[in-house]
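The next block holds one structure in the form of structure tokens; read it before the comments.
Atoms considered below: every heavy atom in the structure, side chains included; atoms not considered: hydrogens, waters and symmetry mates.
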Amino acid sequence: QAAMRLALGPAMEAALFYDASAAAGSRWLDLLGRITNRHVAGDTSTILDAMTTSDYIYVGCKIPFLGIWVDMDASAVNANAATLVAGYTKSDNTFASATVSSDGTVTSSATLAKDGLIVITVPTDWIQGSLRTLLSDNTAPSRLLYWLRFSVSAALSADVEMEGLAALQNPASVGAYLKASVEYTMGLGSDVGSLEVIAQAATATTANVSWIRRK
């Protein structure tokens with residue numbers, strides 16, 4: 001119906017929740033084991049319920065990324081006033097503050113209250129790091145990735161669930177230009193985690209996607 005750009009978001013290699021109140025050895029929870037790109041209600045179950053200011057969500061990719069897309073369970077969203085605080089793996093092997101340039105999940109001052117994009121200002125000194133080394137925590141994952149972590153300024157509601165996560169391509173302006181009413185075919189490898197469709201000239205349009213799946 002209208003021209004668009006197609007960006008390929010990087011594969012999300014890891015998504016973790018750090019529960020500071022859990023017993024030692026049980027604080028790291030794998031969100032990718034519970035959250036997939038399928039629309040399955042309640043994938044995170046009770047993991048994000050009443051998330052505190054001491055808890056963290058960690059997302060890791062092989063390359064720098066612009067932020068994340070979050071699909072919330074519409075029946076279990078946050079209603080408490082809270083903002084997201086972001087950090088990244090800095091070149092001096094520490095976690096440094098990252099700027100959240102926009103949080104599309106906010107409703108009435110409450111983050112993670114709806115589906116949306118969470119976008120950061122991508123740091124120039126972002127490097128791959130190991131959470132085990134950065135946090136001096138032998139129970140943390142050791143994999144070298146570009147890590148982005150999120151905390152909250154105040155505790156979340158008693159029932160908060162995510163259904164899906166995806167990493168955003170950086171920069172957002174890069175992407176293939178697709179003409180209106182033309183069919184395109186492409187091969188996608190394991191390094192691609194999402195398809196980002198951006199309508200041109202703010203014209204509403206529909207992208208029809210089909211695929212061949214090999215089991």
Side-chain angles (χ1 to χ4, degrees), residues 4 7 9 12 14-22 27 29-32 34-61 65-88 95-123 147-173 193-199 201-207:
M4 65 182 70
M12 187 175 290
L16 305 163
F17 182 74
Y18 177 79
D19 185 352
S21 63
R27 293 172 182 161
L29 302 175
D30 182 8
L31 295 181
L32 288 187
R34 305 164 190 265
I35 298 179
T36 69
N37 287 331
R38 296 173 299 160
H39 191 277
V40 180
D43 280 332
T44 57
S45 187
T46 61
I47 290 179
L48 301 183
D49 290 358
M51 178 180 176
T52 73
T53 56
S54 300
D55 300 331
Y56 292 97
I57 296 172
Y58 289 86
V59 177
C61 293
F65 52 106
L66 189 62
I68 59 174
W69 167 81
V70 180
D71 178 20
M72 299 296 298
D73 183 336
S75 64
V77 298
N78 174 48
N80 292 348
T83 58
L84 283 178
V85 180
Y88 70 98
F95 263 101
S97 176
T99 300
V100 178
S101 56
S102 65
D103 182 355
T105 71
V106 172
T107 296
S108 300
S109 300
T111 189
L112 299 181
K114 62 179 181 179
D115 301 347
L117 303 179
I118 300 170
V119 178
I120 67 164
T121 301
V122 179
W147 289 101
L148 189 63
R149 74 178 182 184
F150 297 97
S151 60
V152 290
S153 63
L156 302 186
S157 298
D159 188 12
V160 179
E161 299 181 12
M162 291 179 178
E163 294 183 348
L165 287 172
L168 304 177
Q169 176 179 283
N170 174 53
S173 58
S194 64
L195 304 178
E196 302 174 43
V197 177
I198 306 171
T203 301
T205 188
T206 299

Exercise for review: Test side chain to side chain contact (heavy atoms under 4.5 Å, CB included) on Leu165 and Val70 and set out the steps.
Suggested key: CA-CA 5 Å; Leu165 287 172; Val70 180; 3.8 Å; yes
State which residues pass side chain to side chain contact (heavy atoms under 4.5 Å, CB included) with [X]; sequence neighbours excluded, sorted by chain then number.
X      : result
Ala158 : none
Ser153 : Ala82, Thr83
Ala20  : Tyr18, Ser54, Asp55
Ser101 : Val119, Thr121

For the backbone of [Y] and the side chain of [X], can you confirm whether one donor and one acceptor N or O come within less than 3.5 Å of each other?
X      : Y      : answer
Thr105 : Asp115 : no
Asp73  : Met162 : no
Asn78  : Ala113 : no

Practice item. Dump the intermediate steps for side chain to side chain contact (heavy atoms under 4.5 Å, CB included) on Leu66 and Val122, then the final yes or no. Key: CA-CA 6 Å; Leu66 189 62; Val122 179; 3.7 Å; yes
To the nearest 0.5 Å, what is the distance between [atom1] ([X]) and [atom2] ([Y])?
X      : Y      : atom1 : atom2 : value
Leu117 : Trp69  : CG    : CH2   : 9.0 Å
Ile118 : Ser102 : CD1   : OG    : 9.0 Å
Thr111 : Asp103 : OG1   : CG    : 3.5 Å

Search all heavy atoms of [X] against all heavy atoms of [Y] and return the closest pair with its distance.
X      : Y      : result
Asp30  : Ala15  : OD1-O, 3.4 Å
Ala167 : Ser194 : O-OG, 3.2 Å
Ala98  : Tyr88  : CB-CD2, 3.8 Å

If you define the side chain from C-beta out and look only at heavy atoms, does anything of [X] sit under 4.5 Å from [Y]?
X      : Y      : value
Phe65  : Leu148 : yes
Val160 : Met51  : no
Leu112 : Met72  : yes
Leu168 : Glu196 : yes
Leu29  : Leu16  : no
Leu48  : Ile57  : yes

Exercise for review: Run the numbers on Phe95 and Tyr56 for ring pair (Phe, Tyr, Trp, His ring centres under 6.0 Å), then give the verdict.
Suggested key: CA-CA 12 Å; Phe95 263 101; Tyr56 292 97; 7.8 Å; no
Considering residues at least two apart in sequence or located in another chain, which fulfil the side-chain hydrogen bond (donor to acceptor under 3.5 Å, both in side chains) criterion with [X]?
X      : result
Asp19  : Ser21
Arg27  : none
Ser108 : none
Ser151 : none

**Study point:** Candidate pair Met12 and Val59, rule side chain to side chain contact (heavy atoms under 4.5 Å, CB included), full reasoning
**Key:** CA-CA 7 Å; Met12 187 175 290; Val59 177; 3.7 Å; yes
Review point. Can you list the residues that meet the ring-ring contact (aromatic ring centres under 6.0 Å, His included) rule with Phe150, with sequence neighbours excluded?
Key: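 Phe150 satisfies ring-ring contact (aromatic ring centres under 6.0 Å, His included) with no other residue.
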